[in-house]
Each structure stands twice: as C-alpha cells, then as structure tokens.
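Here is the structure we will look at, set down as structure tokens.
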Amino acid sequence: LIRLNVPDVAPASFPEAIGAALLVGAVTGTITSLAGSAVYRARGWQSPPVFKLAAGSLVVAGAGLLIAAIATPAAAFGPGANAAAWAETPGLGALTLLGVALLRAVATTAAVAAGGCGGLFVPFLAIGDIAGRAFAPAVGVPSDLAGAAGAAGGIAGGYRLPVTALALVVGLGGPETATLTCLATVLVASIAGVGAGLALDRLEALWGAVTASAPIAQ
C-alpha cells in the first residue's frame with residue numbers, strides 16, 4: 001500500500017513549520033523532479049538492448065554497493081521501503097541520508113535505462129522521505145515529520161501528482177499542525193519541481209543550440 005509515515009510530534013512553532021515546508025519542499029521537489037526527468041530520458045534512450053542492459057546493470061550494481069556500504073544491504077534493494085525504514089535509525093548524519101537518497105535516484109534511473117521499470121510509485125516517495133529527514137536538524141523539526149513531508153514532496157515534485165500527495169497527507173493522521181506542514185510542503189515541492197523541470201529543459205535547449213552551431217563556427 002502507498003502510505004506516508006505518520007508523524008507523532010508536531011512542529012514546536014510556526015517558524016519551524018514554515019521552515020520545514022520551505023526547505024524540505026524545495027529540496028525534495030527539486031531532487032525528485034530532476035530524477036523524474038532523468039528517468040523519462042532513460043526510458044527513451046536509443047541504444048542496442050544488450051548494451052543498455054549491461055550499462056544500466058553496472059550502474060545499478062555500483063549504486064547498490066555504495067548504498068550497502070553507507071547504509072545497509074537491505075536499503076540497496078527493492079523500490080525503497082527498506083531504505084525508508086533504515087532512514088528512521090536515530091543518529092544518522094545529514095550527508096549520509098542525502099547521499100543514500102541521491103544514490104537511490106541514480107539506481108532507479110539506471111534500472112529504467114537497462115530496460116526495467118525501476119519501481120512504479122514507491123521510489124520517489126522513499127527518496128523524498130530520506131531527503132526530508134536529512135534536513136530535519138536544519139529546521140529543528142522531528143525526523144518523522146520531515147520524512148512524511150519529504151515523501152509527500154517527492155510525490156508532488158517527482159511524479160507531478162500534487163492532488164494525490166494532498167490526498168495522502170489529509171488521510172495521514174497525526175497532529176493537525178503536522179498535517180498542515182505536510183500540505184504546505186506539497187505546494188512548495190510542486191512549485192520547485194516545475195521550476196527544476198523548466199530550468200533543465202532550458203539548459204538542454206541551450207546545449208542543443210551550442211552544439212548545433214559548433215560546426216558553423218569551425
């Protein structure tokens with residue numbers, strides 16, 4: 001079942017709630033949006049199937065080994081539920097959590113490039129959860145709240161499904177202020193995701209223009 005972690009503790013103050021929504025929403029929306037664009041491009045990669053399988057499998061294996069070394073072997077496998085469960089371990093550093101989130105994004109993209117599906121819905125939910133927890137200390141909110149907000153942000157930014165994210169948050173349960181924080185995070189992540197996607201498209205267009213004009217310059 002698709003679900004978010006239920007936060008047990010509400011933000012201590014309004015500034016903390018706003019800070020969590022802005023920071024976690026911006027980070028998770030941007031990361032999952034760029035990962036979603038990478039997955040889309042990987043799906044359309046034109047190359048011999050054998051080469052795609054070999055190259056994608058090597059990247060998946062490399063990312064998996066790194067995740068296993070940084071986190072646990074269980075966190076390296078599956079669509080991301082085990083990785084999200086590992087992220088609940090107390091005392092994990094922000095860079096460790098963020099590194100695992102990014103490596104999970106790389107592994108998902110490589111799995112699609114290899115010809116697999118890379119997961120249908122859970123991958124970005126887990127990536128958002130882990131990335132959100134990485135920034136919990138920066139805004140002073142509980143880790144489970146940052147994880148729930150990040151997972152909702154991953155749905156909104158990565159899958160471009162803000163209504164689905166809002167619906168999951170409303171049915172989440174927990175303190176009302178925590179729910180409001182997650183709702184605000186969804187809105188921020190949606191904006192950040194669209195902005196990251198537009199920026200990537202712009203950079204891609206500029207790169208295409210530069211490469212197209214290179215022979216003329218010569």
Side-chain angles (χ1 to χ4, degrees), residues 2-4 24-68 70-71 75-84 87 97-134 147 150-165 168 185-186 188-208:
I2 304 302
R3 63 179 180 85
L4 307 179
V24 174
V27 170
T28 58
T30 299
I31 290 176
T32 55
S33 177
L34 294 177
S37 297
V39 167
Y40 178 80
R41 286 162 173 76
R43 187 175 288 115
W45 180 29
Q46 299 297 320
S47 189
V50 174
F51 178 77
K52 291 173 63 174
L53 177 62
S57 298
L58 284 174
V59 175
V60 170
L65 289 173
L66 286 174
I67 294 172
I70 296 172
F77 297 98
N82 290 330
L97 289 164
L98 189 59
V100 170
L102 294 175
L103 285 169
R104 291 285 318 183
V106 170
T108 298
T109 303
V112 173
C117 69
L120 297 176
F121 201 85
V122 178
F124 288 171
L125 188 147
I127 291 168
D129 182 305
I130 299 169
R133 292 176 188 274
I155 297 170
Y159 295 108
R160 307 291 173 84
L161 295 173
V163 176
T164 300
L168 287 173
T185 303
V186 169
V188 174
S190 297
I191 296 171
V194 171
L198 291 175
L200 184 61
D201 291 341
R202 179 61 176 168
L203 288 174
E204 193 173 52
L206 288 174
W207 177 255

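Not measured: the values here are computed from a predicted model.
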Which pairs, with at least one residue in residues 43-58 and sequence neighbours excluded, count as a side chain to side chain donor-acceptor pair (under 3.5 Å)?
none

Can you list every pair that meets side chain to side chain donor-acceptor pair (under 3.5 Å) and has a residue in residues 189-207, with sequence neighbours left out?
Arg41-Asp201, Arg41-Glu204

Pair listing, salt bridge (charged side-chain N to carboxylate O under 4.0 Å, His left out) test, anchored in residues 100-113, at least two apart
none

Pairs meeting criterion salt bridge (charged side-chain N to carboxylate O under 4.0 Å, His left out) with involvement of residues 122-134, two or more places apart:
Glu88-Arg133, Asp129-Arg133

Looking only at heavy atoms, what is the nearest atom pair of [X] and [Y], with distance?
{"X": "Val186", "Y": "Ala152", "result": "CG2-CB, 3.6 Å"}
{"X": "Val188", "Y": "Gly25", "result": "CG1-C, 3.8 Å"}
{"X": "Leu97", "Y": "Ala87", "result": "CD2-CB, 3.8 Å"}

For the atom pair [atom1] ([X]) and [atom2] ([Y]), what is the distance rounded to the nearest 0.5 Å?
{"X": "Tyr159", "Y": "Thr164", "atom1": "OH", "atom2": "OG1", "result": "11.5 Å"}
{"X": "Ile130", "Y": "Thr28", "atom1": "CD1", "atom2": "OG1", "result": "12.5 Å"}
{"X": "Thr32", "Y": "Leu125", "atom1": "OG1", "atom2": "CG", "result": "10.5 Å"}
{"X": "Leu58", "Y": "Leu53", "atom1": "CG", "atom2": "CG", "result": "9.5 Å"}

What residues form a side chain to side chain contact (heavy atoms under 4.5 Å, CB included) with [X], not counting sequence neighbours?
{"X": "Leu102", "answer": "Ile31, Leu98"}
{"X": "Val59", "answer": "Val106, Ala110"}
{"X": "Ala196", "answer": "Thr30, Ser33, Leu34"}
{"X": "Ala75", "answer": "Ile67, Ala71, Thr72, Ala83, Trp86"}

Of Leu65, Thr108, Ile127, Ile70, which meets side chain to side chain contact (heavy atoms under 4.5 Å, CB included) against Leu103?
Ile70

